Colleague: 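Below you'll find the structure I mean.
Every chain is numbered from 1 and lettered A, B, ... according to where its sequence line falls, protein lines coming before strand lines. Keep in mind it's a predicted model, so treat the numbers as computed, not measured.
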Number of protein chains: 2
Amino acid sequence: MITDPTQRGRILDTFPFLRAASADFRDTLLDSGTLMRLPAGHLICQDGSECAALPLVLSGIGRVYKLGENGREITLYRVEPGQSCVVTASCILSGRPFPAIAECETQVEALVVRPSEVRQWMGTSTPWREYVFGLIAGRLQEVFGVLDAVLFQRLDQRLVALLLGMRKAAPGRDIRMTHQALAAELGSSREVISRVLKGLEGQGLLRITRGHIELLDIPELERRAREG
Amino acid sequence: MITDPTQRGRILDTFPFLRAASADFRDTLLDSGTLMRLPAGHLICQDGSECAALPLVLSGIGRVYKLGENGREITLYRVEPGQSCVVTASCILSGRPFPAIAECETQVEALVVRPSEVRQWMGTSTPWREYVFGLIAGRLQEVFGVLDAVLFQRLDQRLVALLLGMRKAAPGRDIRMTHQALAAELGSSREVISRVLKGLEGQGLLRITRGHIELLDIPELERRAREG
DNA sequence: CAAACCTGAGTGACAAAGTCACTGAGCCGA
DNA sequence: TCGGCTCAGTGACTTTGTCACTCAGGTTTG
């Protein structure tokens with residue numbers, strides 16, 4: 001139950017679809033949901049387990065990834081404020097186990113709603129339904145994209161694209177990230193990432209120092225990401 | 001509009017969720033849907049294109065796959081009678097392009113419904129909604145499984161598992177399939193499949209002849225598929 | 001019937017990527 | 001400043017993908 005008017009306003013701002021919903025539905029959601037603060041590293045859903053609740057993210061970032069027996073991992077997508085992990089939702093609605101791991105990458109504030117409500121609202125609120133379907137379709141597309149990249153794209157291209165993407169998210173030439181973390185994004189291994197980075201450094205496209213990477217020739221890197 | 005009572009009965013038998021739906025909804029669906037017969041090889045949806053309709057499969061098999069620039073491909077899942085390609089549905093509901101290719105593997109009979117109806121029924125019929133969500137969750141799980149296999153499993157294991165799965169589908173020791181087709185299932189290439197099969201033949205586990213494969217030591221193959 | 005043709009399969013050389021077992025380099029606290 | 005920690009580099013090897021072929025078994029057709 002959310003009573004604080006400031007919090008209620010914040011929720012409406014973060015989830016614009018609520019503005020399109022009926023006042024009735026808005027109240028139901030705010031009354032039945034619980035505001036939770038989850039620490040970084042908290043596991044929201046484990047691979048193969050049932051999903052007990054659907055968190056609507058208000059702040060912070062969630063990360064959904066697959067983990068192999070050997071310890072290698074790959075990021076499937078991130079859940080940002082205003083979104084929710086809809087794979088969770090689809091698992092809730094169909095009673096299936098969750099096929100990956102969902103974890104808080106940073107501290108996460110979320111409005112947590114119960115499966116029974118998720119299910120019920122699908123029938124009663126069109127904006128809610130469209131919100132959920134929009135998320136599902138978006139995730140499907142992201143996961144299909146990951147599969148495509150893994151199967152059909154070269155690792156050096158994927159790595160360069162990732163680095164450029166991160167630069168866009170946090171402008172500047174410096175990227176603070178370990179080789180291990182880059183490997184976990186792409187589903188590769190640290191050694192391989194190190195080798196590829198070293199190759200790019202040899203070509204003068206970037207500079208590697210402990211814990212971060214400085215992009216030097218950005219136009220050329222952009223060309224590589226596009227053409228290979 | 002489906003009027004023939006035999007056809008109507010067949011549809012109800014193929015889609016049991018319709019029995020749980022109201023008579024009203026059943027009639028709406030049967031009145032607004034069109035029965036189509038699509039030849040083998042017909043493309044239902046191309047990569048990146050908009051989906052114009054949702055086909056509910058009555059007979060035959062559809063196959064959904066990803067195609068890389070180099071020509072390599074990988075099967076994501078198959079659509080069997082009683083199912084539908086829900087990725088299509090989610091694309092319809094969210095107006096996104098389809099992220100793969102959907103093709104008729106055999107001749108397919110389908111009840112085709114319009115996007116506007118798909119969308120509308122999500123609000124009006126609970127059985128329809130649960131049907132669609134069940135399909136989506138199932139597909140998500142399949143696609144996640146493919147990703148897992150591609151990233152974390154060895155090809156020989158995957159190939160053996162595929163062969164054993166095919167034997168279960170069509171009992172007998174003989175599997176009629178080209179190396180190219182096996183490669184397309186697994187997202188590999190013909191040469192590599194040939195090599196792996198040759199290795200298995202060298203170990204006396206199967207026998208290769210032009211166009212088909214005879215499984216010899218099935219218990220050992222099953223052990224391989226499990227343990228590696 | 002035999003030559004031409006097509007599809008399926010095998011081969012060898014190489015490149016890309018993952019694995020394993022290390023070594024070494026920077027950093028921080030005791 | 002010593003020890004321990006995390007991060008990164010290296011070399012040898014395996015697995016998988018790619019390329020450019022050749023070859024083998026059928027079918028079609030002149």
Colleague: As a quick check of understanding, evaluate side-chain contact (heavy atoms from CB on, under 4.5 Å) for B:E105 and B:V79, giving each step before the final call.
Modeller: CA-CA 10 Å; B:E105 192 165 50; B:V79 183; over 6 Å; no
Colleague: Taking atom CG of B:L197 and atom CG of B:L163, what is their separation to the nearest 0.5 Å?
Modeller: 6.5 Å
Colleague: Evaluate the ring planes of A:F15 and A:Y131, with Trp represented by its six-membered ring, and classify them as parallel (under 30°), tilted (30 to 60°) or perpendicular (over 60°).
Modeller: perpendicular
Colleague: Please state how far atom CG in B:L151 lies from atom C1' in C:dT19, giving the value in whole angstrom units.
Modeller: 15 Å
Colleague: For the pair made of CD in A:Q153 and P in D:dT18, what is the distance, rounded to whole Å?
Modeller: 13 Å
Colleague: Over all heavy atoms of both residues, which pair between A:T106 and A:G60 is shortest? Give the atoms and the distance, please.
Modeller: OG1-CA, 3.2 Å
Colleague: Counting just side-chain N and O atoms, does B:S188 come under 4.0 Å of either OP1 or OP2 of D:dT16?
Modeller: no
Colleague: Please list all pairs meeting salt bridge (charged side-chain N to carboxylate O under 4.0 Å, His left out) that have one or both residues in residues 79-91 of chain A, counting only residues at least two apart or in different chains.
Modeller: none
Colleague: Who passes side chain to side chain donor-acceptor pair (under 3.5 Å) against B:E220, sequence neighbours left out?
Modeller: B:R223, B:R224
Colleague: With rounding to the nearest 0.5 Å, note down the distance linking CG in B:L186 to CG in B:L159.
Modeller: 6.0 Å
Colleague: When the side chains of residues 205-215 of chain A are checked against the rest of the protein, which donor-acceptor pairs come out under 3.5 Å, sequence neighbours left out?
Modeller:
from, atom 1, to, atom 2, distance (Å)
A:R207, NH2, A:E214, OE1, 2.8
A:T209, OG1, A:H212, O, 3.3
A:H212, ND1, A:D174, OD2, 2.6

Colleague: In residues 173-181 of chain A, which residues come under 4.0 Å of DNA chain D by heavy atom?
Modeller: A:T178, A:H179
Colleague: Output the residues of residues 65-76 of chain A in contact with DNA chain C, where contact means a heavy atom of the residue under 4.0 Å from an atom of the strand; sort by number or write none.
Modeller: A:N70, A:R72
Colleague: Sequence neighbours left out, what passes salt bridge (Lys or Arg N to Asp or Glu O under 4.0 Å) with B:R63? Give chain and number order.
Modeller: B:E73, B:E185
Colleague: Applying ring-ring contact (aromatic ring centres under 6.0 Å, His included) as the test, list every pair that has at least one member in residues 64-104 of chain B; sequence neighbours left out.
Modeller: none
Colleague: Side-chain atoms of residues 45-55 of chain B: list all donor-acceptor pairs with protein atoms under 3.5 Å, sequence neighbours left out, distances to 0.1 Å.
Modeller:
from, atom 1, to, atom 2, distance (Å)
B:S49, OG, B:Q46, N, 3.3
B:S49, OG, B:Q46, O, 2.9

Colleague: Roughly, in whole Å, what's the span from CZ in A:R154 to P in D:dT18?
Modeller: 10 Å
Colleague: Output one line per pair: protein atom, nucleotide atom from nucleotides 23-29 of chain C, and distance, for all N/O pairs under 3.5 Å.
Modeller:
from, atom 1, to, atom 2, distance (Å)
C:dG26, N2, A:R210, NH2, 3.4

Colleague: Find the distance B:L182:CG to D:dT16:P and express it as a whole number of Å.
Modeller: 15 Å
Colleague: In degrees, rounded to 10°, what is the bend between the two ends of the helix from C:dC1-D:dG30 to C:dA30-D:dT1, using five pairs at each?
Modeller: 10°
Colleague: Mind calculating the distance between CZ (B:F152) and P (C:dA17) to the nearest angstrom?
Modeller: 17 Å
Colleague: Hey, can you pull the donor-acceptor pairs under 3.5 Å for the side chains in residues 137-148 of chain B, sequence neighbours left out?
Modeller:
from, atom 1, to, atom 2, distance (Å)
B:R139, NH1, B:R78, O, 3.4
B:R139, NH1, B:E142, OE1, 2.8
B:R139, NH2, B:Q83, OE1, 2.9
B:Q141, OE1, A:R96, NH1, 3.3
B:Q141, NE2, A:P97, O, 2.6
B:D148, OD2, A:K66, NZ, 3.4

Colleague: To the nearest 0.5 Å, what is the distance between CG (A:D13) and CG (A:L58)?
Modeller: 10.5 Å
Colleague: Going from OG on B:S188 to CG on B:L155, what distance comes out if it is rounded to the nearest 0.5 angstrom?
Modeller: 4.5 Å
Colleague: Which heavy atom of B:D217 sits nearest a heavy atom of B:G204, and at what distance?
Modeller: CB-O, 4.4 Å
Colleague: What is the separation between atom CG on A:L155 and atom P on C:dT19, rounded to the nearest whole Å?
Modeller: 12 Å
Colleague: Provide, to the nearest angstrom, the distance between the CG atom belonging to B:L206 and the P atom belonging to C:dA9.
Modeller: 13 Å
Colleague: For DNA chain D, which residues of residues 190-204 of chain A approach it to below 4.0 angstrom with any heavy atom?
Modeller: A:R190, A:E191, A:S194, A:R195, A:K198
Colleague: Between B:G33 and B:V113, which heavy-atom pair has the shortest distance, and what is it?
Modeller: CA-CG1, 4.1 Å
